[in-house]
Amino acid sequence: MPSEAIGIGLMHDKLKCEQRDSISHPIALLIARAQSGDADAFDQLMICNERRVVAIAWRLLGNRDDARDAAQETFLRVYRHLHKFDLERDFGGWLYRIAVNVCRDQARKRKTVTSLEDETEAAGLATEDGLENRILQSQQRALVIKALSSLSQKERAAVVLRDLEGLATEEVARILGSTPTTIRSQISSARVKIKNFRDRYLKNGRKER
Amino acid sequence: MDCTHVERFLPLFVEGELTTELTASLQSHLFVCQKCSESAAEFEASREWLRSSDDPDFDQQFFAELRGSVWQKIEDNERPWFRSFHWGWAAAFALLVLFAGVVFFAQLKQTVPLRAMPQSASVTRPGHRPEETAIKQGATHTSRRMVARHRVRVRDSEPRQLLEPALPVIAETEQTADVKTLEAFRIEIHTADPSIRIIWLVAGKHAADPDESDIEPMTINLTDFGGW
């Protein structure tokens with residue numbers, strides 16, 4: 001799926017949440033209701049942000065199960081600490097920060113990353129329609145995960161937030177608790193590694209042909 | 001700007017993260033350097049490749065299960081402790097501790113012997129004659145008779161009483177020769193005036209017979225000697 005389509009897809013979900021929010025539940029009001037103990041409001045908050053959280057978790061951890069566990073833990077921490085959240089602050093940035101921290105903690109507990117074969121096997125269970133396409137997409141995803149896993153934790157978090165989530169360098173620095181200069185340095189190093197990984201993969205592909 | 005510098009700035013150049021001056025400088029170099037221009041193109045392609053990968057197909061069921069598990073965890077955390085407490089395990093543990101305690105104390109009773117009450121060698125009752133072994137170290141003179149009658153435990157803080165006739169507890173003296181407990185001779189001298197009497201108490205020898213308990217006073221009548 002092209003990156004523009006991904007962006008539109010995510011925006012579409014966001015618009016849905018915003019439309020719903022703008023009519024009856026603006027985000028700030030939703031958060032305020034959740035802080036006062038309204039379970040429906042918190043459920044709405046989860047619905048509006050679950051895709052974003054799961055996507056970040058999957059990119060940082062590399063497999064569905066870990067991504068689900070990390071997303072669950074992220075929302076639990078949001079629930080526990082929501083009463084301390086200042087409504088003047090950016091909720092999205094706060095949520096990103098929690099998600100990144102959770103993923104970092106989870107990554108420390110396990111050392112292995114999902115291999116290429118796992119993703120391909122998952123793709124094999126797909127239906128016959130567009131099977132080849134699905135397999136290719138699955139392999140592409142697995143390669144990207146492998147490229148990201150070759151980065152350090154900090155580089156990975158910086159490049160996921162900057163290049164995949166599209167956040168500004170200053171915002172990434174704020175979320176990760178660092179300076180823009182450091183983030184630029186980490187992103188630069190990460191892009192070089194990803195480029196080298198891709199070059200090696202393409203070179204090996206040409207050799208096999 | 002040479003190729004080494006350009007190579008270093010290319011990762012940020014492709015995303016437009018350099019300053020205006022630096023960007024212009026790089027662009028002019030890329031215009032003339034084919035190698036750096038190809039390198040810039042590779043960075044662009046890598047960026048597109050990274051962004052082209054889509055997320056796995058997470059369906060609605062996946063997200064519904066995610067939300068359900070979150071609410072389940074919230075409910076578990078908010079449950080009162082006594083509902084989530086494992087009473088069975090607690091009871092088993094308590095029984096184990098109780099059993100261990102019973103075994104421990106039972107063994108303790110078997111091994112520790114009863115100790116005898118220490119005898120107080122220094123306490124005697126009036127009329128009781130102590131043994132020689134009851135004499136405390138430091139006493140230089142003892143009169144068994146005197147001790148039998150008038151023994152007291154003399155401490156530094158207590159008054160010394162030699163001839164106190166009525167003591168509830170007679171204890172052995174611990175004092176040195178300061179306290180004389182020798183058998184005394186009583187010499188009573190009578191004068192012509194019956195209201196005047198001279199009484200001497202003289203320290204004498206140890207009583208030859210320890211059973212002798214009465215002291216006979218010696219009375220001297222001065223009228224016998226004429227004068228007075």
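The figures that follow rest on heavy atoms only: side chains count, while hydrogens, waters and symmetry mates do not. Below, chain A is the first sequence line, B the second, and so on; all start at residue 1.
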B:Ala45 versus chain A, heavy atoms under 4.5 Å apart: side chain, backbone, both or neither? both
Worked check of side chain to side chain contact (heavy atoms under 4.5 Å, CB included) between B:Trp71 and A:Phe42: CA-CA 10 Å; B:Trp71 283 117; A:Phe42 186 77; 3.8 Å; yes
When you look at NE2 of B:His5, are more than 12 heavy atoms from neighbouring residues, nucleotides or ligands closer to it than 6.0 Å? no
Can you tell if the side chain of A:Met46 reaches within under 4.5 Å of the side chain of B:Phe63, non-hydrogen atoms only? no
Among B:Glu15, B:Glu42, B:Arg47, who wins on heavy-atom pairs under 4.5 Å with chain A? B:Glu15
Is it the backbone or the side chain of A:Ala147 that comes under 4.5 Å from a heavy atom of chain B, or both, or neither? side chain
With a 4.5 angstrom heavy-atom cut-off, which part of A:Thr169 approaches chain B: side chain, backbone, both or neither? side chain
Under 4.5 Å, counting heavy-atom pairs only, tell me which of B:Trp49, B:Phe58, B:Phe9, B:Phe43 racks up the most with chain A. B:Trp49
Salt bridge flag under 4.0 Å for residues B:Glu17 and A:Arg162: yes
Side chain / backbone / both / neither for B:Gln60 at chain A, heavy atoms under 4.5 Å: side chain
For B:Ser52 and A:Gln140, what are the C-alpha separation, side-chain angles and deciding distance, and is it a side chain to side chain contact (heavy atoms under 4.5 Å, CB included)? CA-CA 9 Å; B:Ser52 67; A:Gln140 171 74 359; 3.0 Å; yes
OG-CZ distance between B:Ser69 and A:Arg68, expressed to the nearest 0.5 angstrom: 7.5 Å
Quick one: closest heavy-atom pair of A:Val54 and B:Leu66, and the distance? CG2-CD2, 4.0 Å
Please report the interatomic distance CZ(A:Phe75) to CD1(B:Ile74), rounded to the nearest 0.5 Å. 10.5 Å
Under the side chain to side chain contact (heavy atoms under 4.5 Å, CB included) rule, what do A:Val192 and B:Leu10 come out as? Steps first, then yes or no, please. CA-CA 9 Å; A:Val192 170; B:Leu10 276 179; over 6 Å; no
Spacing of CG belonging to B:Asp76 relative to CG belonging to A:Leu76, to within rounding of 0.5 Å: 10.0 Å
Let me confirm one number: the CZ-CG distance from B:Arg67 to A:Asp43, rounded to the nearest 0.5 Å. 5.5 Å
Measuring from atom CZ of A:Arg191 to atom CG of B:Leu12, what distance do you get when rounded to the nearest 0.5 angstrom? 6.0 Å
To the nearest 0.5 Å, what is the distance between CG (A:Asn196) and OG (B:Ser46)? 8.5 Å
Contacting region of B:Phe62 [heavy-atom separation from chain A under 4.5 Å]: side chain
Using only atom types and a distance under 3.5 Å, with no angle test, would you say the side chain of B:Arg51 pairs donor to acceptor with the backbone of A:Asp163? yes
